[in-house]
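Before any comments, here is the structure.
Note that the coordinates shown come from a computational prediction; the quantities given were computed from them, not determined experimentally.
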Amino acid sequence: KLYKGLKPGETVALPEPADKLFSGPLLAVRSAGAITFIDWDSMRVVRRIEARPTQVSWSDSNELVALILESSFYILRFNADVAAEKLPTCTADDGIEEAFDTVDEGEETIRQASWVGDCLCFIN
């Protein structure tokens with residue numbers, strides 16, 4: 001459930017119970033089998049990705065996002081224009097496939113991460 005402006009707002013129905021939330025330009029909701037990115041305004045699913053990150057970290061430009069898992073990571077580029085264009089008519093349970101592009105991925109255990117511009121700095 002979302003409280004916006006200190007007032008009860010939308011409730012999002014997910015296929016699995018949520019166990020963690022991450023903020024950013026999109027609300028990220030983690031469940032047992034996936035991370036679901038949700039548009040703050042419409043509360044619609046932008047993209048559901050089958051990964052279970054321990055951290056979700058957005059760059060200052062809100063264009064790049066790092067999904068940090070137990071022993072690996074993914075850096076994705078968020079295509080905000082594509083998401084805004086396709087979201088009103090999207091009916092797929094997994095959202096808009098073109099909303100994110102994979103920029104990089106690696107096998108690394110990351111304990112803490114932070115963005116400096118478009119550079120992901122991390123401690124392993």
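- Within the structure, every pair that satisfies the salt bridge (charged side-chain N to carboxylate O under 4.0 Å, His left out) test and touches residues 83-92, not counting sequence neighbours, is listed here: K86-E98.
- Residues passing the side chain to side chain contact (heavy atoms under 4.5 Å, CB included) test with D60, sequence neighbours excluded: none.
- Proximity of R48 to P15: side-chain heavy atoms (C-beta onward) are separated by under 4.5 Å at one or more points.
- Hydrophobic clustering (side-chain heavy atoms under 4.5 Å, transitive across Ile, Leu, Val, Met, Phe, Trp, Tyr) keeps W40 apart from I96.
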Check your understanding: What do the steps show when you test V45 against D93 for side-chain contact (heavy atoms from CB on, under 4.5 Å), and what is the final call?
Key -> CA-CA 8 Å; V45 172; D93 291 340; over 6 Å; no
I'd like a table of donor-acceptor pairs (distance under 3.5 Å, sequence neighbours excluded) in which one partner is a side-chain atom from residues 102-117, with atom names and distances.
from : atom 1 : to   : atom 2 : distance (Å)
E108 : OE2    : N124 : ND2    : 2.6
R111 : NE     : N124 : O      : 3.2
R111 : NH2    : N124 : O      : 3.4
W115 : NE1    : S57  : O      : 2.9
W115 : NE1    : S57  : OG     : 3.4

Practice item. Check the pair V29 / L14 against side-chain contact (heavy atoms from CB on, under 4.5 Å), numbers first and verdict last. Key: CA-CA 9 Å; V29 181; L14 298 170; 3.4 Å; yes
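- Hydrophobic cluster membership differs between W58 and F122, with clusters built from Ile, Leu, Val, Met, Phe, Trp and Tyr side chains linked at under 4.5 angstrom.
- Residues I75 and V56 do not share a hydrophobic cluster, clusters being chains of Ile/Leu/Val/Met/Phe/Trp/Tyr side chains in contact below 4.5 Å.
- Residues I49 and F73 are members of separate hydrophobic clusters, defined by side-chain heavy-atom contacts under 4.5 angstrom among Ile, Leu, Val, Met, Phe, Trp and Tyr.
- Residues S31 and P17 approach most closely at CB-O, 3.3 Å, considering heavy atoms.
- A donor-acceptor pair is defined here as one N or O able to donate and one able to accept, closer than 3.5 Å; such a pair exists between the side chain of D39 and the backbone of S42.
- Under the side chain to side chain contact (heavy atoms under 4.5 Å, CB included) criterion, D81 pairs with no residue, sequence neighbours left out.
- Between I38 and M43 the shortest side-chain heavy-atom distance falls below 4.5 Å.
- Cluster membership for L120 and L76, using ILVMFWY side-chain heavy atoms within less than 4.5 angstrom, is not shared.
- Aromatic rings from F37 and F78 are positioned such that their centres are separated by 6.0 Å or more.
- Residues passing the side chain to side chain contact (heavy atoms under 4.5 Å, CB included) test with E97 are R47, sequence neighbours excluded.
- In this structure, the side chains of E50 and R52 stay at 4.5 Å or more apart for every pair of heavy atoms.
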Practice item. Decide salt bridge (Lys or Arg N to Asp or Glu O under 4.0 Å) for R30 and D19; before the verdict, give the C-alpha distance in whole Å, the side-chain angles of both, and the deciding distance to 0.1 Å. Key: CA-CA 6 Å; R30 186 182 74 181; D19 66 3; 2.9 Å; yes
Side chains of residues 61-72: which donor-acceptor partners sit under 3.5 Å, not counting sequence neighbours?
from : atom 1 : to  : atom 2 : distance (Å)
S61  : OG     : S59 : OG     : 3.2
S61  : OG     : E63 : N      : 3.3
E63  : OE2    : R77 : NH1    : 2.7

